[in-house]
Amino acid sequence: MKEELIKKAYEIAKERYAEIGIDTEKVLNMMQDFHLSMHCWQADDVKGFEVQAGDLSGGIQSTGNYPGAARNIDELRADVLKALSLIPGSHRLNLHEIYGDFKGKAVDRDEVTVEHFQSWIDWAKENQLPLDFNSSSFSHPKSGNLTLANPDEGIRQFWVEHTKRCREISNAIGQAQNDPCIMNLWVHDGCKDFSVNHALYRNLLKASLDEILAVEQPMMKTSIEGKVFGIGLESFTVGSHDFYTAYAAKNGTLLTIDTGHYHPTESPADKVSAVLPFVDELMLHVSRPVRWDSDHVTIMDDPTYELFAEIVRANALDRVHYGLDFFDGAINRIAAYVIGSRSAQKCMLRALLEPSATISQYELAGKNHHVLTLLEEQKAMPWNAVYDEFCLRNNVPVGQDFMAEIDAYENTVTLKR
């Protein structure tokens, strides 16, 4: 009975959208090609699997103590697969270097090799789950306040070697999956208080990046990520947005837009059309920055919708890669994955259902009252019926029905950890 109602609602929505020139079947096909890169670090609160792991540092914080966090690689993989079974479409998994399969051995970050990720490559292939990657410069005795921008040549070279090896691992992953692996490079480098060495640190960061990128790795793509400031490093950030935007434009890397890394009055969505004329591709890290970079679970809020709408309006779907980046330890972690992923999908679906060509014509004709009318009317269109149909066609629970499966998994698996 419920499936019949879903299909009836979809047929009505299909007709409604056809009236404004939108083919919902075409949009549903496009949604099948909308692949999220789901982040591994939501499952265990960014702890990773290093034998010598220390406390979180470098501006990284995960709050909450909800029971059931993954404690090892097998539990994390099981949690990821459970979450993916409740999210329509096919997706990717984004790994941080600290999540290597170290098999109980102490492996420092400048010693890591593809060997430590071979089991991930095999597991991902078995589950048809392409991988992305991240270097990890935080939570380490040599992290401090400065890594790739450190005037101490020994420490700087330690992190240069780490990042080189991460690119090698990413390339090997890309070769194995026959699909380029995107490696995100973010370092927390900065100063807590006043500094007179801004130029020194930025020149050192540039030199480090130049050295890291000197070797071509054809089956991976490097993306660099800026930030306004970090917790504990509030006064100065070496890798600011200006620095990385200029570096990406000049050196042909991808640029990462992390929705939590801007001033609260800035719009990450506006960055898309601002940088695409100069940067070939973008990587997104989508989270919900309550007050500041708090990495709350993504929801279907205005900033997230506007981000995806800007991508669609800019005709840039094939130039943007879509990653999630939140870590909430205060709620069920599998639920966090599912809520965040499905919310991001709903934002993209709504963006694809917008009659942007028609709205654009009205704007160019100076009929801005028509523009405002159409934009407002889109909010009340039956997009939710189209998303329900998307879930139904992908054999995943519709609406809030996924919570029953999460509760069952919690009672039989995570609460017993």
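Heads up: numbering here begins at 1 and tracks the sequence.
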(message) Under a 4.0 Å threshold between the charged nitrogen and the carboxylate oxygen, would Asp45 count as salt-bridged to Arg333?
(response) yes
Do [X] and [Y] have side-chain atoms, one donor and one acceptor, less than 3.5 Å apart?
X      : Y      : value
Ser37  : His91  : no
Ser273 : Glu310 : yes
Trp41  : Asp325 : yes
Glu410 : Tyr66  : yes

(request) May I ask you to establish whether Arg16 and Trp383 are in a cation-pi arrangement, using a distance under 6.0 Å from NZ or CZ to the six-membered ring centre and at most 45° from the ring axis? (result) no
(message) Can you see whether Tyr10 has Arg393 sitting over its ring - NZ or CZ less than 6.0 Å from the centre and within 45° of the normal?
(response) yes
(message) Go through it in stages, so that I can follow the logic: the residues are Tyr247 and Asp210, the test is side chain to side chain donor-acceptor pair (under 3.5 Å), and I'd like the CA-CA distance, side-chain angles, deciding distance and then a yes or no.
(response) CA-CA 10 Å; Tyr247 192 94; Asp210 290 345; 2.6 Å; yes
(request) Let me know which of Lys47, Arg417, Lys416 forms a salt bridge (Lys or Arg N to Asp or Glu O under 4.0 Å) with Glu75. (result) Arg417
(message) Assess the residue pair His285 and Thr256 against the criterion (side chain to side chain donor-acceptor pair (under 3.5 Å)); give the C-alpha distance rounded to whole Å, side-chain angles, the decisive distance to 0.1 Å, and a yes or no.
(response) CA-CA 7 Å; His285 275 190; Thr256 299; 5.4 Å; no
(request) Check salt bridge (charged side-chain N to carboxylate O under 4.0 Å, His left out) between Asp101 and all other residues, then give those that pass, not counting sequence neighbours. (result) Lys103
(request) Quick one: pull up CG in Leu93 and OH in Tyr99 and give me the separation to the nearest 0.5 Å. (result) 10.5 Å
